[in-house]
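Just so it is clear: chains get the letters A, B, ... in the order the sequence lines come, proteins before strands, and each one is counted from 1. Fair warning: this is a prediction, and the values are worked out from it, not measured in the lab. In what follows, every heavy atom counts, from backbone to side chain, and hydrogens, waters and symmetry copies are set aside.
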Protein chains: 2
Amino acid sequence: MARKLQTEIRKEQIAEAALGVVHAHGLRGLRMERVAQRVGIVPSALYRHFSGKQAVIDAMLDLIRGKLEGIVAAASDEPLPPMDRLRHLLRQHLALVQHFQAIPRLLFSDEVCVGNSARKARIYETISRYLEAVAGLVRQGQADGSVRDDVDADTVAVMYLGLFQPAAILMFMSDGGFDAARHIDRAWGAFYEGIAPPSSKVTTHSHNRPHAGAKRP
Amino acid sequence: MARKLQTEIRKEQIAEAALGVVHAHGLRGLRMERVAQRVGIVPSALYRHFSGKQAVIDAMLDLIRGKLEGIVAAASDEPLPPMDRLRHLLRQHLALVQHFQAIPRLLFSDEVCVGNSARKARIYETISRYLEAVAGLVRQGQADGSVRDDVDADTVAVMYLGLFQPAAILMFMSDGGFDAARHIDRAWGAFYEGIAPPSSKVTTHSHNRPHAGAKRP
DNA sequence: CGATAATGTGAATAAGCATTCACATTAAGT
DNA sequence: ACTTAATGTGAATGCTTATTCACATTATCG
């Protein structure tokens with residue numbers, strides 16, 4: 001019964017295709033016909049796999065959540081000091097968003113949630129989980145002394161989100177004219193300065209981020 | 001000829017009403033009928049003042065741009081040291097966004113831009129101007145020594161945007177459960193730490209931000 | 001091979017909504 | 001007060017698009 005597998009594959013194909021449509025045309029441009037065309041079938045065939053457009057949207061959100069969880073897990077397992085893992089995650093996240101521009105468009109679009117509080121709650125949960133993972137890394141940093149104790153880990157996590165979210169938006173709005181990668185590299189410096197323990201402050205700043213060995217002296 | 005004035009007032013009423021609809025129903029829920037109902041007229045009457053829905057959206061964007069320019073100008077004229085003006089602007093901005101939740105929904109919604117590159121460019125320009133004003137304040141801070149010289153003012157401006165943008169999104173997604181004001185207060189501390197000159201670093205951190213008198217020693 | 005369930009097709013349905021139009025009402029200027 | 005342009009009204013139009021349905025095709029399993 002390779003049939004069940006086929007079905008799963010088809011569903012994923014469809015979700016990916018939908019992601020592509022959102023990438024190209026925005027959420028407003030998400031039409032069943034476009035999705036079907038990308039898969040290579042006729043619109044009505046989509047209803048063999050999904051109950052309707054809303055279900056396709058849900059599938060996209062599941063896909064995105066999976067991808068996000070993937071990079072978070074990968075970064076968490078990295079054999080690096082906590083803050084380096086965080087920076088690694090930041091890069092991964094940027095790469096992911098650059099590849100699937102639909103991600104911020106979907107997650108941060110109210111359209112998806114209007115009149116669907118269950119979905120809204122699920123998205124909030126996804127973001128919350130992401131933030132919790134980041135906060136966890138920050139707390140590890142606080143435990144090993146690479147992050148000052150008097151900042152709130154959850155606040156730092158939201159600030160971390162603020163490192164690339166505006167960058168992603170500007171990247172989109174400027175049609176790629178805004179260099180998000182450069183911004184993030186530069187911003188990370190100031191970001192880290194703000195949460196590093198006073199003892200590790202360096203005058204030259206810029207590109208050198210202290211490694212984890214910097215236990216409080 | 002109070003007629004011309006009346007027309008202007010009507011147009012503004014309509015734009016405000018549209019803003020209210022977006023606030024309540026999201027951009028997807030922006031329907032001519034709802035806008036008309038809020039104004040107290042019938043849908044077809046809207047076409048006496050606007051050529052169509054797209055024109056109404058443009059009017060909303062104009063309104064928003066005006067409001068943003070307003071708080072920026074007000075904050076810039078405040079008789080305070082640059083970084084205090086920036087913090088003041090941050091609070092004003094949060095208040096504005098809390099009152100008109102439609103603002104982030106519109107400005108950062110790709111829906112508005114899809115198939116309308118002119119509008120996209122205009123929005124990008126609005127954001128850019130805002131960022132330029134913030135960067136200007138940062139440069140003033142660098143000039144008077146309250147901000148370190150080795151950070152890029154434009155980068156800081158985007159980071160500043162990142163202070164409340166994620167907060168606004170979380171506020172919306174959590175139906176107000178996320179306390180954006182508290183986040184911003186806390187985040188400002190770490191933000192300022194990150195860009196303050198090394199000499200002014202304080203161990204206790206938290207709520208005390210150095211005043212402008214802190215010329216470099 | 002033949003039964004059968006899954007998947008794909010094309011045409012038809014129908015609902016939502018912006019927009020238009022012919023006509024009514026209001027208010028400004030003389 | 002009368003003319004006229006502006007504004008408002010209600011019904012009608014038409015386009016876009018999701019969705020459905022009867023029928024065709026495919027592939028799996030006995």
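- Residue A/Arg10 has no polar side-chain atom (N or O) positioned under 4.0 Å from OP1 or OP2 of C/dA6.
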Determine all donor-acceptor pairs shorter than 3.5 Å in which one atom belongs to a side chain in residues 64-77 of chain A; sequence neighbours excluded.
from	atom 1	to	atom 2	distance (Å)
A/Arg65	NH2	A/Asp62	OD1	3.3
A/Ser76	OG	A/Val72	O	2.8

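- If you measure from atom CG of A/Leu46 to atom C1' of C/dG10, you get 14 Å, rounded to the nearest angstrom.
- Here D/dA6 is the nucleotide among C/dA6, D/dA6, D/dG8 with the atom lying nearest to any side-chain atom of B/Thr7.
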Kindly list each side-chain donor-acceptor pair under 3.5 angstrom involving residues 21-46 of chain B, sequence neighbours excluded, with atom names and distances?
from	atom 1	to	atom 2	distance (Å)
B/His23	ND1	B/Gln101	N	3.3
B/Arg34	NH1	B/Gly29	O	2.8

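- In this structure, B/Ile41 places its CD1 atom 7 Å from P of D/dT9, rounding to the nearest Å.
- Rounded to a whole Å, the CD atom of A/Gln13 is 12 Å from the P atom of C/dT7.
- A search for ring pair (Phe, Tyr, Trp, His ring centres under 6.0 Å) contacts involving B/Phe164 returns B/His93, not counting sequence neighbours.
- Contact record, B/Arg91 with B/Asp185: NH2-OD1, 3.8 Å, taken as the closest heavy-atom pair.
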Point to revise | Nucleic acid footprint by protein, nucleotides 14-23 of chain C - heavy-atom cut-off 4.0 Å, B for base, S for sugar-phosphate alone | key: ---SSBBBBB
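- Distance CZ (B/Phe50) to C1' (D/dG8): 16 Å, rounded to an integer number of Å.
- What separates CD1 of A/Ile9 from C1' of C/dG8 is a distance of 17 Å, to the nearest Å.
- Under the ring pair (Phe, Tyr, Trp, His ring centres under 6.0 Å) criterion, B/Phe100 pairs with no residue at all, not counting sequence neighbours.
- A straight line from CZ of A/Arg34 to P of D/dT16 spans 12 Å, rounded to a whole angstrom.
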Distance-only check: which donor-acceptor pairs under 3.5 Å involve side-chain atoms of residues 133-141 of chain A, not counting sequence neighbours?
from	atom 1	to	atom 2	distance (Å)
A/Arg139	NH1	A/Glu132	OE2	3.3
A/Arg139	NH2	A/Asp154	OD1	3.3
A/Gln140	OE1	A/Arg85	NH2	2.7

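- The phosphate of D/dG8 (OP1 or OP2) has a side-chain N or O of B/His49 nearer than 4.0 angstrom.
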